[in-house]
Amino acid sequence: MTEKKLSSGTKIVIKDLGEDKIADLKDIMVFCTHPDGRTSIQNVNKQRLAWMREGLSGLGEWKAKNGEMVTDDILKSLTEEEKDEAYKLIQE
């Protein structure tokens, strides 16, 4: 577990994820090529949320107990910038 501080001052605790879990999380995002040549990326927000749910064991005053995942109300307390920053720190 690694403790980090977001630029806003919010403390997060990051779990040490195994290689299989990291591979599963990376596979959530899908790159699509359409018949007309257009490309798109799907599941970007779903991937960010999954990384935060799996990768956080502490956020501000909240601390995971018995392997629980961070709840919606805790995640909703973060700004989009904080979510992006936490997501990047977990991936590091």
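Follow the hydrophobic side-chain contacts under 4.5 Å out from I41 and you reach L25 in the same cluster. When hydrophobic clusters are built by joining Ile, Leu, Val, Met, Phe, Trp and Tyr residues whose side-chain heavy atoms come closer than 4.5 Å, directly or via intermediates, L89 is not grouped with V13. There is a path of hydrophobic side-chain contacts, each under 4.5 Å, that joins V44 to L49. Hydrophobic clustering places I22 together with V70 (ILVMFWY residues linked when any side-chain heavy atoms are closer than 4.5 Å, directly or through intermediates).
A search for salt bridge (charged side-chain N to carboxylate O under 4.0 Å, His left out) contacts involving K15 returns nothing, not counting sequence neighbours. Shown here are the salt bridge (charged side-chain N to carboxylate O under 4.0 Å, His left out) partners of D20, two or more places apart in sequence or in another chain: there are none. Annotation: salt bridge (charged side-chain N to carboxylate O under 4.0 Å, His left out) contacts of D73 (sequence neighbours excluded): none.
With salt bridges taken as basic N to acidic carboxylate O contacts below 4.0 Å, one links E80 and R48. Remark: K21 does not engage D16 in a salt bridge, criterion side-chain N to carboxylate O under 4.0 Å.
Q91 CD to K26 NZ: the interatomic distance, rounded to the nearest 0.5 Å, is 7.5 Å. Here the CD atom belonging to E61 is positioned 9.5 Å from the CD1 atom belonging to I74, to the nearest 0.5 angstrom. Atom NZ of residue K76 and atom NZ of residue K83 lie 8.5 Å apart, to the nearest 0.5 angstrom. The CD1 atom of I12 sits 11.5 Å away from atom CH2 of W62, with the distance rounded to the nearest 0.5 Å. The distance from atom CD1 of I90 to atom CD of E85, rounded to the nearest 0.5 Å, is 11.0 Å.
A50 approaches I28 most closely through the heavy-atom pair CB-CD1, 3.5 Å. A pairwise comparison of heavy atoms in R53 and L75 identifies NH1-CD1, 3.6 Å as the closest pair. Annotation for K4 and I14: closest pair CG-CD1, 3.9 Å, computed over non-hydrogen atoms.
Panel note: side chain Q42, backbone F31; no donor-acceptor pair is recorded below 3.5 Å. One N or O on the side chain of E82 and one on the backbone of T79 form a donor-acceptor pair closer than 3.5 Å. Distance alone, capped at 3.5 Å, is enough to place a donor-acceptor pair between the E68 side chain and the K65 backbone.
For D36, the CG atom counts as densely surrounded, since its 6.0 Å shell holds more than 12 non-hydrogen atoms of other residues, nucleotides or ligands.
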- Task: Kindly indicate, with the supporting measurements, whether the criterion side-chain hydrogen bond (donor to acceptor under 3.5 Å, both in side chains) is fulfilled by S40 and H34.
- Result: CA-CA 8 Å; S40 63; H34 302 276; 2.9 Å; yes
- Any chance you could lay out the side-chain contact (heavy atoms from CB on, under 4.5 Å) test for K46 and W51, step after step, and finish with the verdict? CA-CA 9 Å; K46 184 183 275 190; W51 275 93; over 6 Å; no
- Message: Please determine whether side-chain contact (heavy atoms from CB on, under 4.5 Å) holds for the pair T10 and L59, giving the CA-CA distance in whole Å, both sets of side-chain angles, and the decisive distance to 0.1 Å.
- Response: CA-CA 7 Å; T10 302; L59 177 60; 3.9 Å; yes
- Query: Can you list the steps and then say if K63 with S57 is a side-chain contact (heavy atoms from CB on, under 4.5 Å)?
  - Reply: CA-CA 6 Å; K63 301 288 184 251; S57 63; over 6 Å; no
